[in-house]
Amino acid sequence: MASVASPVIFKEFCPLYYLLNAIPTKVQKGFRSIVVYLTALDTNGDYIAVGSSIGMLYLYCRHLNQMKKYNFEGKCESITFVKLLSCFDDLVAVGTASGRVAVFQLVSSLPGRNKQLRRFDVAGIHKSSITALAWSPNGMKLFSGDDKGKIVYSALDLDQGTCNSSLVLEEPSSIVQLDYNQKVLLVSTLQRTLLFYTEEKSVKQVGTQPRK
């Protein structure tokens, strides 16, 4: 006897006022009042990460119902991309409009986990706006792409507290999406999609026709 399919239930989700109310709509810079725009978003089961136009990362912990703030020292610039990762430690990568990339290793209350906030910087290879970020599942590799077509690989050693970065690929158009799995990096640009094999450092294009 054929099983009867369960009915589809539509739900209307309300705006997250508890989250939005924890983010200021304006900040004061000297005598000027600056409007805060929300510019980047990523979520997982533990956190909601929101980037802003004032260079502030707002990180909401879903279990503790707490909002924390992280920022870049120096110039106040818009955050263009954020990417969360939950592995042994909780990590969040942040990219900005000028090409700065930083990784925050978050504090955890669980035994054996990280007890001190640490930040790793991807040393100035990018010179333009960050448009994509991708983690490896174990948090040891981070790939970042920008709107000039550069893709940078950063190797993180959380135990030693080091981050070593190098340029691995350069495309003639802006990077729009990155995804990494099993030593293969999927890259989408404004003109094409390709697979970059990180061990062999070889490229295989997906499809034959360029995007219009």
Side-chain angles (χ1 to χ4, degrees), residues 37-42 44 49-53 55 57 70-85 87 91-105 118-158 160-212:
Y37 296 99
L38 306 184
T39 56
L41 174 71
D42 195 25
N44 62 18
V50 182
S52 70
S53 58
L57 172 70
Y70 304 93
N71 68 346
F72 288 85
E73 290 85 3
K75 183 182 177 183
C76 176
E77 58 181 304
S78 180
I79 291 173
T80 55
F81 210 94
V82 293
K83 192 68 176 176
L84 290 161
L85 178 70
C87 50
L91 304 168
V92 56
V94 184
T96 75
S98 71
R100 297 177 71 184
V101 178
V103 173
F104 294 93
Q105 183 182 7
R118 292 198 292 176
R119 196 183 98 184
F120 304 85
D121 291 299
V122 174
I125 300 175
H126 293 290
K127 303 298 182 185
S128 59
S129 182
I130 301 301
T131 53
L133 294 166
W135 284 105
S136 64
N138 62 6
M140 296 176 67
K141 298 176 181 179
L142 174 69
F143 295 90
S144 51
D146 64 33
D147 66 357
K148 298 298 183 185
K150 287 185 177 180
I151 298 175
V152 172
Y153 160 60
S154 300
L156 286 95
D157 189 325
L158 300 178
Q160 299 295 323
T162 61
C163 176
N164 297 308
S165 305
S166 60
L167 180 68
V168 293
L169 197 61
E170 197 161 1
E171 285 290 302
S173 64
S174 175
I175 307 300
V176 295
Q177 188 176 5
L178 296 173
D179 195 17
Y180 176 80
N181 193 27
Q182 299 292 332
K183 300 179 181 179
V184 181
L185 180 69
L186 175 66
V187 180
S188 283
T189 76
L190 288 176
Q191 294 181 351
R192 65 173 184 162
T193 295
L194 59 95
L195 299 174
F196 177 66
Y197 295 87
T198 57
E199 293 289 307
E200 300 87 351
K201 293 183 170 51
S202 61
V203 171
K204 180 180 180 181
Q205 182 166 310
V206 178
T208 57
Q209 298 297 322
R211 290 188 175 131
K212 296 181 181 180

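The basis for the numbers below is simple: all heavy atoms, side chains too, and nothing from hydrogens, waters or symmetry mates. Numbering starts at 1 and runs along the sequence shown.
The two residues Val92 and Trp135 make their nearest non-hydrogen contact at C-CZ2, 4.3 Å. Lys127 and Asp146 make their closest contact through N-OD2, 4.4 Å (heavy atoms, listed as atom of the first residue, atom of the second, distance).
Side chain of Ser188 to main chain of Val176: no donor-acceptor pair is present (N/O by atom type, distance under 3.5 Å, no hydrogens or angles). With Thr131 contributing its side chain and Ile175 its backbone, the two residues share a donor-acceptor pair below 3.5 Å. At least one donor-acceptor pair closer than 3.5 Å links the side chain of Thr80 to the backbone N or O of Ile130.
For the atom pair Leu91 CG and Leu156 CG, the distance stands at 7.5 Å (nearest 0.5 Å). The line from CD of Gln105 to CZ of Phe120 is 5.0 Å long, rounded to the nearest 0.5 Å. Between the CG atom of Leu41 and the CD1 atom of Ile79 there is a distance of 12.0 Å, given to the nearest 0.5 Å. One finds the CD1 atom of Ile125 at 12.5 Å from the CD1 atom of Ile151 (value rounded to the nearest 0.5 Å). Of the inter-residue distances, the one linking Lys204 atom NZ with Leu195 atom CG reads 7.0 Å to the nearest 0.5 angstrom. Taken to the nearest 0.5 Å, the CZ atom of Phe196 stands 6.0 Å off from the NZ atom of Lys201.
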- Message: What verdict does the side chain to side chain contact (heavy atoms under 4.5 Å, CB included) test give for Ser53 and Thr39, after you've listed the backbone C-alpha separation in whole Å, the side-chain angles of each residue and the deciding distance to 0.1 Å?
- Response: CA-CA 6 Å; Ser53 58; Thr39 56; 4.1 Å; yes

- Please report the C-alpha distance between Thr198 and Phe143 in whole Å, then the side-chain angles of each, then the deciding distance to 0.1 Å, and finally whether the side chain to side chain contact (heavy atoms under 4.5 Å, CB included) criterion is met. CA-CA 11 Å; Thr198 57; Phe143 295 90; 3.9 Å; yes

Expected list for residues 177-187: side-chain donor-acceptor pairs under 3.5 angstrom, two or more places apart:
from: Tyr180; atom 1: OH; to: Lys141; atom 2: NZ; distance (Å): 3.1
from: Tyr180; atom 1: OH; to: Lys183; atom 2: N; distance (Å): 3.3

Listed pairs under 3.5 Å, donor-acceptor, residues 161-168 side chains, sequence neighbours left out:
from: Ser165; atom 1: OG; to: Ser154; atom 2: OG; distance (Å): 2.8

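Within a 6.0 Å radius of CD in Gln160, no more than 12 heavy atoms belonging to other residues, nucleotides or ligands are found.
With respect to Asp147, the side-chain hydrogen bond (donor to acceptor under 3.5 Å, both in side chains) criterion is satisfied by exactly one of Ser128, Ser174, Ser173: Ser128.
A 4.5 Å side-chain heavy-atom check between Leu194 and Leu169 finds at least one atom pair inside the cut-off. Between Glu171 and Gln191 there is no side-chain heavy-atom pair separated by less than 4.5 Å. Looking at Leu142 and Val101, their side chains come closer than 4.5 Å, going by heavy atoms from C-beta outward.
A search for side-chain contact (heavy atoms from CB on, under 4.5 Å) contacts involving Thr96 returns Phe72, Glu77, Ser98, Arg100, not counting sequence neighbours.
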